[in-house]
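Convention: sequence-line order gives letters A, B, ...; per-chain numbering from 1. From a predicted model like this one, the values you see are computed outputs, not experimental measurements.
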Amino acid sequence: MTQVNEASLISTLLDRIGGLGCIQPNYLGKATIQVNADSIRKIIEILLKSDNTAVIVAITGLDLLEKLGLMYHLRTHGSIVTVRTEVPKDNPRISTITDLIPGANFHEREVADLLGVVFQGHPNLARLVLPDDWPKNLYPLRKDADLQEVTAKLDSCLCSTQPEIEQKQAQKETGLVNIVVGPQHPALLEPEKFSLTVDGETVKVVEPRIGYVHRGIEKASEQRTYLQDIYLVERICGICNSCHAVAFAGAVEKILKTEVPTRAKYIRTIILELNRLHSHLLVLGHAGLEIGYETLFQYMWRDREPIMDLTELLTGNRVVSSSMTVGGVRRDLKEADVPKIKTQLDILKKKLVFYQSLFQNETSLKMRTQKVGFLSTEDALKLCVVGPVPRASGVNTDVRKDEPYEAYGEIPFRTVTRTEGDTYARLMVRLDELNESINIIEYALDNMPTGPFRVRVPRIVTAGEAINRVEAPRGELFHYVKSNGTAYPERVKVRTPTFANLPAFLKTAIGESIADIPANFVSLDPCFSCTDR
Amino acid sequence: MRKTVLDFWLIFRVLIFPGFTFVLFLTLFCDWVERKIEARMQNRVGPAVAGPAGILQPLADLIKLFTKEEIIPSNAKKNVFRIAPIVAFSIMVFAMCFLPIDGSSAISSSGFVGDLIFVMALVTVANFLLFISGWASSSPYGAIGAARVLTQFLGYDIPLFLLALTPAFLAKELTLSAIVSSQYIPFIILAPWGFVLFIITLQAELEKDPFDIPHAESELVGGLETEYGGGKLAFLHLTRDVQIVLGASLVVTFFLGGPNGPVFFGLSGFWYSLWFVLKLLAIVVITEYITCLFARLRIDQVLTANWRILLPLSILSLALTITMTTWVYPSVT
């Protein structure tokens, strides 16, 4: 993605939006544009037109007591531009932008669910994360929501069967077979539901339903201190736990204007790349399982074990590393461990050569993954997908390159892209990224600076807000943190990669054979633990 | 007096050796061999706890399943649902009784003319019963799994039958015992093309990778067995395992000379069974090896492979066999 310098970006923005809003440069990304709720569509349209690679990253809803704040975070020229507006709390209506950019669909539905903003003109504002029989006027993320009422309601909503009954009736009318994948299903390791309407073996309609394991982490983090929150957001996802911790800690550091020591940045980078290594090995093995290639699955997961051991060596924990803190990392890298890490990485590197040749030459594997789940470059941009998914469709996007965080600015590496856009390409991008990750870790170990590995920061964070982006293994991870000058954050918003990638599956599954659904789905590396924060 | 002795001998042969009990334990043993080989191929240990090297694991699994509660879905076709797995299993074992395991088959020592066709027909019927058992469960997964069994079965049944005629043409006989006794030179040497194609088609018949479409658990949960549990599931599992043994036995009988082999001392029946089982294990190892090497194909890819590649090839193979038996081999054999 072409990098534009800040001044020119802001001056073009000023030109384009004219008198519609006022610009605040270098705030919440490259710039924040404050507009009226009426002109939101115009502004978004202008921003989308000015850059054909512009996508919507997230929509953050905020409770500002009298009003509800809405922030549309767009990624244009590789960096974030935030459009912020306000709607009255008693009549929270705003026009939808889903028709301008289809990727906004789920973001709007989530805000509608949790804060009760009505997006006028949205194609389907049905429940997405909350249970279907949730009361109409109870919005969990509003400040006036009574916590006891919310928890009591959650308990009573657990055994709702209403939608299933409705579905069965619909099925009788159309005569098509309805196959429900999930909430419990061997193909999904996590409880989510996709109801597929199939005609013979061809999929006609896919209806997603998430939220089965929604833990309300965004709300829960408002009741905890910043330090406790690091361990809370880390538990959003077991696989990419360090990414969440770094994204959150980074946002808080931005509010505090703390400069993290270079050594801490390098150690963070190593842990983040270890995360990527074991996450990619996991999904490649899982893909093998989904296409009935059990041997590949067993091999990949066997080779994932040493990476987990390395994480343990570095941080003391195998899975959830708990090694990040605001202002650095909690444990220093021991010099004695460096050769151990390098030996393991060398072994993995040799094995990768074997996997490369396997993926390139194994006919049955290619037959099952090539030309399956094709996602064009245009669709990848329209649906605002992130990470290896658009990279396999020829979109060169990588937060590590676009807006280097931690030590990525100083480490040379290649962004892997492919142009085929199918399941095979998505798997191959991950396979090639494994090599890059190993190189990054080796470079970081060789060029590890000396010095402190953390700085002390105050417990009470000054008032302010910040966004932070991290390239998690599954794609761009977005955190927004607002501080109100106490030890507790006012609002934490997390947009996880899978939440952004789901529309790609819904788009590519239509018209495919039911046998291709698992392979196509797993090539997005879905994580519902992430999706249901 | 003489008649009762004969009857006792027949009952012994059908129920104990080489009939039901022997087949049952051979099946469990083959299951263990398969699991162990697959595990080693995949860098795992495999069954290791029950018995030495886990050899009793399949038996333990079987006993466990029989002790479980049996649940019948309310909208299933109850009688069919209950009976189909047992009948399918019985038919498979019945077909095994016609194979000359210890030199002669369990039911009658010399078989009857055309028992080759009878055994192949039994295989077809047993597969159809598996389809019925899936369909009777009235669950979408079971129904789709059953439909896939049938679709795939239509594709490979004709090639399998054509290829089964290869030994019949070579021996100029339709009796299994005659086919075996005419293999002074095993037919694998006379018709290696038939052997290779038969193994590939068998892979589809046994529903193993790359053709294990009906049990694609990532798409169909358990396929036709989704709604089954307890003893009925045990019978479904057993049916599949006996099917593997039966398929391998067919290969042994058709191409590897059946129980033929040197008899060193003592009972000839012992040595014949030993050779038969060893050859059978070799075939099981080959099929398991293929299973580990490939990913599962899609149903349309399998059908294309069956109709466009396997069927023409098996017709060609049969033509080649007939040509060879008519003009080349008479001088050899």
Take E38(B) and E294(A) through the side chain to side chain contact (heavy atoms under 4.5 Å, CB included) test and state the conclusion after the steps.
CA-CA 10 Å; E38(B) 191 175 348; E294(A) 212 177 295; 3.8 Å; yes
Does NZ in K366(A) sit with more than 12 non-hydrogen atoms of other residues, nucleotides or ligands closer than 6.0 Å?
yes
Contact list (residues 55-72 of chain B to chain A, heavy-atom gap under 4.5 Å, by number) returns none
Within a 6.0 Å radius of atom NZ on K507(A), are there more than 12 heavy atoms belonging to other residues, nucleotides or ligands?
no
For atom CH2 of W135(B), is the number of surrounding heavy atoms from other residues, nucleotides or ligands below 6.0 Å larger than 12?
no
I want to check something: taking the side chain as every heavy atom from C-beta on, are N43(B) and Q298(A) in contact at a cut-off of under 4.5 Å?
no
Partner set under side chain to side chain donor-acceptor pair (under 3.5 Å) for Q301(B), not counting sequence neighbours:
none
Taking every non-hydrogen atom, the tightest pair across T295(A) and C292(B):
OG1-O, 2.6 Å
Considering all heavy atoms, the nearest Y293(A)-F294(B) contact
CD2-O, 3.7 Å
Is the shortest heavy-atom distance from the side chain of F297(A) to the side chain of Q42(B) under 4.5 Å?
no
